[in-house]
Trainee: 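The structure under discussion is supplied below as structure tokens; questions concerning it will follow.
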2 protein chains.
Amino acid sequence: MNWKEKLASNGHRITQAREQMMRLLSQTQVPLSPMQIHSALREQGSKMGLVSVYRNLNLLMDYDLVCMLVAPDGNAGYVAGGTGHHHHILCKVCQSSAIFDECEDFSELISKIEAQTQFVVGDHFLQFYGLCPQCQETYV
Amino acid sequence: MNWKEKLASNGHRITQAREQMMRLLSQTQVPLSPMQIHSALREQGSKMGLVSVYRNLNLLMDYDLVCMLVAPDGNAGYVAGGTGHHHHILCKVCQSSAIFDECEDFSELISKIEAQTQFVVGDHFLQFYGLCPQCQETYV
DNA sequence: CCCTTATTGATAGTATTTTTCAATAAGGAT
DNA sequence: ATCCTTATTGAAAAATACTATCAATAAGGG
């Protein structure tokens with residue numbers, strides 16, 4: 001089920017604004033702020049308002065169609081979301097991101113955490129930082 | 001080396017504002033926003049300005065004396081930082097947090113990520129969400 | 001106790017996000 | 001294809017979050 005079906009089957013409309021945003025985000029590896037998304041789309045001739053960017057980001061987040069990433073400096077940005085459980089790695093130099101779905105089996109770690117903290121463990125947020133292939137060439 | 005020594009040995013002063021912030025944060029499990037920190041301290045009679053909260057949060061972050069956590073809804077908040085490499089688990093209901101230092105050995109996962117993404121992997125941000133002991137009683 | 005200067009609070013300024021509301025367009029019904 | 005309903009939109013304004021500036025203060029070495 002692609003993103004259009006996902007939205008449509010939940011009673012949401014496939015609008016130009018949403019198509020433009022999804023296209024931009026899936027073409028971009030670098031996490032974009034709402035403002036950056038707005039500027040990029042205006043430059044491409046879109047008439048979309050910044051408010052719609054915020055609204056649609058919220059909607060797309062609800063359906064896991066976009067992901068929020070946190071840069072090393074704490075700034076947040078959005079990228080197109082992969083399907084299913086996955087995580088991102090972010091280049092410390094150029095901010096470019098990549099998806100990996102090889103998610104470790106955390107069951108052993110979760111047992112330790114539950115023993116140590118008395119919490120019942122649910123889901124998690126895991127993100128790696130590193131150097132992308134291009135920046136390896138440039139900086140190593 | 002406690003936080004006072006850490007700051008002092010780097011030429012920073014141990015001010016009332018910093019003592020108040022560190023005391024508040026180490027007494028609180030729930031991540032607090034800059035605004036919440038400011039309000040809480042004013043209620044306790046402090047004359048600190050909101051601006052100093054921001055400035056000192058930045059400073060304390062630089063020395064890993066406080067940590068920024070990301071709530072499930074994406075909101076950020078600050079807690080007193082543990083020593084050394086550690087992670088947090090956050091209660092989905094009451095936002096209360098706990099520290100765990102049993103950090104899995106990620107070397108195998110890192111190899112997989114590097115193979116899959118061609119990135120060189122550096123550090124990571126890992127945070128769990130779950131239910132704290134109190135909320136387990138209330139909601140289960 | 002004095003002196004230097006990092007730190008502070010207040011004010012003002014900028015950036016970010018949310019609210020409101022009439023106009024528009026998506027898409028099912030006709 | 002055209003109409004109708006209403007989710008969605010853009011614009012303007014309001015609310016919130018964060019940063020810059022600067023004179024006054026207080027931390028801490030001498």
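For the numbers below, each heavy atom of this structure counts, side chains included, while hydrogens, waters and symmetry mates do not. All values derive from a computational prediction rather than experimental measurement.
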Trainee: To the side chain of A/V51, which of D/dA11, C/dG27, C/dT17 is closest?
Mentor: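 For the A/V51 side chain, the nearest candidate turns out to be D/dA11.
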Trainee: Using atom CG of B/N75 as one end and atom P of D/dT16 as the other, report the distance to the nearest whole Å.
Mentor: 14 Å
Trainee: Nearest to the side chain of A/I14, heavy atoms from C-beta on, is which of D/dA27, C/dG27, D/dA11?
Mentor: C/dG27
Trainee: According to a strict under-4.0 Å criterion, is A/N58 in side-chain N/O contact with OP1 or OP2 of C/dT17?
Mentor: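 False: A/N58 side-chain N/O out of range (4.0 Å or more) of C/dT17 OP1/OP2.
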Trainee: Provide, to the nearest angstrom, the distance between the CD atom belonging to B/Q20 and the P atom belonging to D/dA27.
Mentor: 11 Å
Trainee: In this structure, how many angstroms lie between the P atom of D/dC18 and the CE atom of A/M35, rounded?
Mentor: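 In whole Å, D/dC18 P lies 14 Å from A/M35 CE.
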Trainee: Starting at NE2 of B/H38 and ending at P of D/dC18, how long is that distance when rounded to a whole Å?
Mentor: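 Answer to the nearest Å: 14 Å.
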Trainee: Classify the nucleic acid contact of A/L50 as base, sugar-phosphate or nothing, counting any heavy atom under 4.0 Å across all strands shown.
Mentor: base
Trainee: Tell me the interatomic distance from A/H12, atom NE2, to C/dG28, atom C1', rounded to whole angstroms.
Mentor: 17 Å
Trainee: Can you see whether A/S46 engages A/Q20 through a side-chain donor-acceptor pair at a distance of less than 3.5 angstrom?
Mentor: yes
Trainee: Whole angstrom is fine here: how far is it from CG in B/D62 over to P in C/dA6?
Mentor: 17 Å
Trainee: Any idea which of C/dG9, D/dG10, D/dA7 is nearest the A/R13 side chain?
Mentor: D/dA7
Trainee: Report the relative orientation of the aromatic rings in A/F100 and A/F128; use parallel for angles under 30°, tilted for 30 to 60°, perpendicular for over 60°.
Mentor: perpendicular
Trainee: Any base atoms under 4.0 Å from A/R18, or only sugar-phosphate, or nothing? Heavy atoms, all strands.
Mentor: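 Sugar-phosphate contact only - A/R18 comes under 4.0 Å of backbone atoms but never of a base.
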Trainee: Just wondering, do B/C94 and B/Q134 contact through their side chains at under 4.5 Å, heavy atoms?
Mentor: no
Trainee: Does the pair A/K92/B/D123 count as a salt bridge with the N-to-O cut at 4.0 Å?
Mentor: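 Looking at A/K92 and B/D123, the cut-off is met.
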Trainee: Given that A/G11 and A/S46 both sit by DNA chain D, which one's nearest nucleotide is further toward the 5' end?
Mentor: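 Between the two, 5'-proximity favours A/G11.
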Trainee: Give the rounded distance in Å between these two atoms: CE of B/M61 and P of D/dC18.
Mentor: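 Result: 12 Å.
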Trainee: Please tell me which of B/R55 and A/T15 maps to the more 5' nucleotide of DNA chain C, matching each residue to the nucleotide holding its nearest heavy atom.
Mentor: B/R55
Trainee: Starting at atom OH of B/Y54, determine the distance to atom P of D/dT16, rounded to an integer number of angstrom.
Mentor: 13 Å
Trainee: Nearest 0.5 Å, what's the CD1-CD1 distance between B/I89 and A/I113?
Mentor: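 The CD1 atom of B/I89 sits 6.0 Å away from the CD1 atom of A/I113.
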